Structures are given as structure tokens and as C-alpha cells.
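This report concerns only the one structure given below.
Values in this document were obtained by computation on a predicted structure and should not be read as measured data.
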Amino acid sequence: MKELKTLSDVVVFCYAMFIALLLTNLLDHKAIFEITTGEQALTLYKALGAVGAGLMLVKLLIGKLYITSLKYDRHMAQVKINELKADLYERKQEYRSNSYKESVRMEMTVAGN
């Protein structure tokens, strides 16, 4: 999921740089897209705006999915930690119980002698 998020970030960044270069006239949109009239240029900019909006929507959705996957991973790690804590607690209780039984046996053996 991280790779997909990184890829979407790179694509959106490159697209934004391309649009910025077009808007500052560092790239000639007439030569790149073979535009001859002002109406074609307007249509081009509308299309580029629509594509940009679509890319941002996809980036937003991928970001939300990435955050959700991170939260799920954190939850699963917390569940695993809780399981390990419970196992440790049970082992400590078993050790204490065995130690107590052993000390009672030792006392009975000493009292019996």
C-alpha cells in the first residue's frame, strides 16, 4: 500500500509541475498539443483541470486507504501485545503457584522430620 501511495504522490507532483510549466508559458501548449484556436486552448485547459481533479481524488482515496491500513496494522500489533501480556501473566501465576506449593511441601517435610 505504501508503494501505491508513493506512486500516486509522484504522479500528482509531476502533473502539477507540468501544469505549472504550461501556465507560466515555459512550455508552449500550442506546440505540444497542436492547438490552433483559442477555443481549443480553453478546451485543453478544462480537460487538464478535470484530469487534475481526478488525480487529486484518486490521491485522496489512496491516502485514506493507506491510513486505514496503518490503523489496522497498529490494531493487530496491539492485539498481539495483549496476547503476549496475558501469556506472561499466566506464566507468572503458574510459577508463583508452583513456588507456593513447593514451599508448603518443604515446610511439611521439615516439620515431619
side-chain contact (heavy atoms from CB on, under 4.5 Å) partner of Q40, chosen from L44, T36, T43: T36
Neighbour count above 12 (heavy atom, 6.0 Å) for E34 CD: no
Common cluster, I67/L61, ILVMFWY with side-chain heavy-atom separation under 4.5 Å: no
Rounded distance [0.5 Å steps], CG in D73 versus OG1 in T68: 11.0 Å
Distance check, rounded to the nearest 0.5 Å: K64 atom NZ versus L60 atom CG? 6.0 Å
CG of N25 to NZ of K30: how many Å apart, nearest 0.5 Å? 9.0 Å
Point-to-point distance, once rounded to the nearest 0.5 Å, from NZ of K59 to CG of L7: 11.5 Å
Measure from the side-chain N and O atoms of Y15 to the backbone N and O of L48, and report whether any donor-acceptor pair falls under 3.5 Å. yes
Could you measure the distance from the NE2 atom of H29 to the CD1 atom of I19? Nearest 0.5 Å is fine. 11.5 Å
Mark yes when over 12 heavy atoms from residues, nucleotides or ligands other than E39 sit less than 6.0 Å from its CD; otherwise mark no. no
Contact check, side chains of K92 and L88, non-hydrogen atoms, under 4.5 Å: yes
If you compare all heavy atoms of S8 against all heavy atoms of I62, which two are closest, and at what distance to 0.1 Å? CB-CD1, 3.8 Å
According to a hydrophobic-cluster definition based on side-chain heavy atoms being under 4.5 Å apart (Ile, Leu, Val, Met, Phe, Trp, Tyr only), do M56 and Y45 belong together? yes
Transitive ILVMFWY side-chain link V12 to L21, under 4.5 Å: yes
Taking all atoms of both residues into account, what is the closest heavy-atom pair of K5 and Y66, and its distance? CD-CD2, 3.2 Å
Looking at every heavy atom in both L22 and I32, which two are closest together, and how far apart are they? CD2-CD1, 4.5 Å
Mind checking whether V58 and L4 sit in one hydrophobic cluster, side chains of I, L, V, M, F, W, Y counted as touching below 4.5 Å? yes
Under a single-linkage definition using a 4.5 Å side-chain heavy-atom cutoff for Ile, Leu, Val, Met, Phe, Trp and Tyr, are L55 and L23 assigned to the same hydrophobic cluster? yes
